[in-house]
Amino acid sequence: MYLIFFFVCFFASVVGAVCGIGGGVIIKPVLDALGVLDVAAVSFLSGCTVLAMTTYSVVKGKMSGESHVETGTGIPLALGAAAGGIVGKWAFSCIVQMSSDANRVGAIQALCLLLVTVGTLLYTLCKEKIKTLHIQNAAACLVIGIFLGMLSSFLGIGGGPINLIVLFFFFSMGVKKAAENSLYIILFSQATSLVSALLSNHVPAFSAQALVLMVAGGICGGICGRALNKRIAEKTVERLFVGLMLVIILINAYNIYQYA
């Protein structure tokens, strides 16, 4: 079973690094569907895996001089995501503590993720007809970052497709540039979310072996995904993203049914 964890995280992180969605949007619903861990443990482990993958991708990009992160907007977005990550983790912990039924928590997460994914898919299919913005105001970037951090931390997905849609619409970024900036935002939101969980002692019970294999899968997937991203066209990345959204919608629909 732990080897399944590794391969799920590996393939999710490959796709996540290519598309800029972090991988958590795949890892979380797939592990929920397997039903081998409770929702709190899956959220925590998924966040750790995404953090490992994005750390590698962002640091590697900076060291190689190939980073296309726009610091003027990227830094306030990332700082906002860091603050939002703390709020999102706190909100999730509160819901877990208030609910005696873990299935209800899982259903809420699956429903939220389903709605986000459907909205993302619709925007992606219609984006050619939508007029985009080019926000540069630091305060506005900070507010947008807080929203992204809250949502990603609460859902345990790292950042997922909502990051890309926000970067497409508010900042008029291309697919590959948005993917790189998305990973930068995810890094900050997941790092603060993890620190918050450790400091508040809200770390769920899990196997150390599962954590090691999932993080290893995330890093290996990030390495392969980064290499693959350089070799494929933006149009191919977009098609992969649309196909991925359809799969995630089906998995979350199944998870809602399962938890209900």
Side-chain angles (χ1 to χ4, degrees), residues 7-34 42-43 46-47 49-50 53-54 57 106-130 132 144 147-183 185-186 189-190 218 221-222 224-225 228-229 232-259:
F7 286 113
V8 168
C9 292
F10 173 77
F11 288 112
S13 295
V14 169
V15 178
V18 170
C19 297
I21 59 174
V25 72
I26 307 170
I27 297 169
K28 178 70 170 66
V30 169
L31 294 187
D32 280 342
L34 292 175
V42 170
S43 292
S46 174
T49 305
V50 170
M53 187 277 280
T54 52
S57 297
I108 292 172
Q109 282 188 310
L111 177 60
C112 291
L113 187 51
L114 176 65
L115 294 175
V116 166
T117 309
V118 169
T120 299
L121 178 60
L122 292 175
Y123 179 91
T124 303
L125 295 175
C126 302
K127 71 176 185 176
E128 300 299 330
K129 303 175 183 178
I130 300 173
T132 60
I144 293 171
F147 168 75
L148 292 176
M150 287 174 59
L151 187 63
S152 64
S153 182
F154 176 76
L155 295 178
I157 60 172
I162 189 66
N163 280 14
L164 292 181
I165 296 307
V166 166
L167 293 171
F168 291 156
F169 179 72
F170 288 104
F171 302 97
S172 300
M173 292 185 185
V175 176
K176 285 194 173 185
K177 189 172 185 179
E180 192 168 352
N181 280 268
S182 173
L183 293 178
I185 295 168
I186 292 170
S189 66
Q190 285 304 298
C224 295
L228 185 60
N229 183 270
I232 59 178
E234 283 209 358
K235 201 66 179 177
T236 304
V237 174
E238 190 171 315
R239 288 170 183 163
L240 177 62
F241 180 69
V242 169
L244 182 62
M245 292 303 97
L246 291 171
V247 172
I248 294 170
I249 287 170
L250 293 175
I251 294 174
N252 278 292
Y254 169 76
N255 284 341
I256 293 171
Y257 170 78
Q258 175 183 245
Y259 286 127

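FYI, the numbering just counts along the sequence from 1.
Between the Ser46 side chain and the Ser43 main chain, no donor and acceptor come within less than 3.5 Å of each other. With hydrogens and angles disregarded, no donor-acceptor distance shorter than 3.5 Å links the side chain of Gln258 to the backbone of Ala107.
Gln190 places none of its side-chain heavy atoms less than 4.5 Å from the side chain of Thr54. With a 4.5 Å cut-off on side-chain heavy atoms, Phe10 and Val14 count as touching. By the 4.5 Å heavy-atom criterion applied to side chains, Val175 and Lys235 are not counted as neighbours.
When every heavy atom of Ser57 is checked against every heavy atom of Leu183, the shortest pair comes out as CB-CD1, 4.0 Å. The minimum heavy-atom distance between Gly218 and Ser13, with the atom names listed, is CA-OG, 3.2 Å. Shortest non-hydrogen contact noted between Pro29 and Gly24 is CD-O, 3.9 Å. Between Phe168 and Gly174 the shortest heavy-atom distance is CE2-O, 3.9 Å. Residues Pro161 and Val25 approach most closely at CD-CG2, 3.5 Å, considering heavy atoms. When all heavy atoms of Ser189 and Gly149 are compared, the pair lying nearest together is CB-CA, 4.1 Å.
A distance of 8.5 Å separates CG of Leu151 from CG of Asn163, quoted to the nearest 0.5 Å. Taking CD1 of Ile186 as the start and CE of Met53 as the end, the distance is 6.5 Å to the nearest 0.5 Å. Between Leu155 atom CG and Ile108 atom CD1 the span is 11.0 Å, to the nearest 0.5 Å. Atom-to-atom distance recorded for Ile27:CD1 and Thr49:OG1 is 5.0 Å, nearest 0.5 angstrom. The OG atom of Ser182 sits 6.0 Å away from the CG atom of Leu167 when rounded to the nearest 0.5 Å. With rounding to the nearest 0.5 Å, the separation of CG in Asn229 from CD in Glu234 is 9.0 Å.
Annotation: side chain to side chain contact (heavy atoms under 4.5 Å, CB included) contacts of Ile256 (sequence neighbours excluded): Ala110, Leu111, Leu114. Checked against side-chain hydrogen bond (donor to acceptor under 3.5 Å, both in side chains), Asp32 has the following partners two or more places apart in sequence or in another chain: Lys28, Tyr259. Not counting sequence neighbours, the partners of Thr132 by the side-chain hydrogen bond (donor to acceptor under 3.5 Å, both in side chains) test are Ser172. Residues forming a side-chain hydrogen bond (donor to acceptor under 3.5 Å, both in side chains) with Lys177 (at least two apart in sequence, or on another chain): Glu70.
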- Evaluate the side chain to side chain contact (heavy atoms under 4.5 Å, CB included) criterion for residues Ile144 and Phe171: first the C-alpha distance (whole Å), next the side-chain angles of each, then the deciding distance (0.1 Å), finally the verdict. CA-CA 11 Å; Ile144 293 171; Phe171 302 97; 4.1 Å; yes
List the atom pairs, donor and acceptor, that lie under 3.5 Å between side-chain atoms in residues 116-126 and the rest of the protein, sequence neighbours left out.
unit_1: Thr117; atom_1: OG1; unit_2: Leu113; atom_2: O; d: 2.6
unit_1: Thr120; atom_1: OG1; unit_2: Val116; atom_2: O; d: 2.8
unit_1: Thr124; atom_1: OG1; unit_2: Thr120; atom_2: O; d: 2.8

May I have the list of side-chain donor-acceptor pairs in residues 238-254 shorter than 3.5 Å, sequence neighbours left out?
unit_1: Glu238; atom_1: OE1; unit_2: Lys127; atom_2: NZ; d: 3.2
unit_1: Asn252; atom_1: ND2; unit_2: Ile248; atom_2: O; d: 2.9

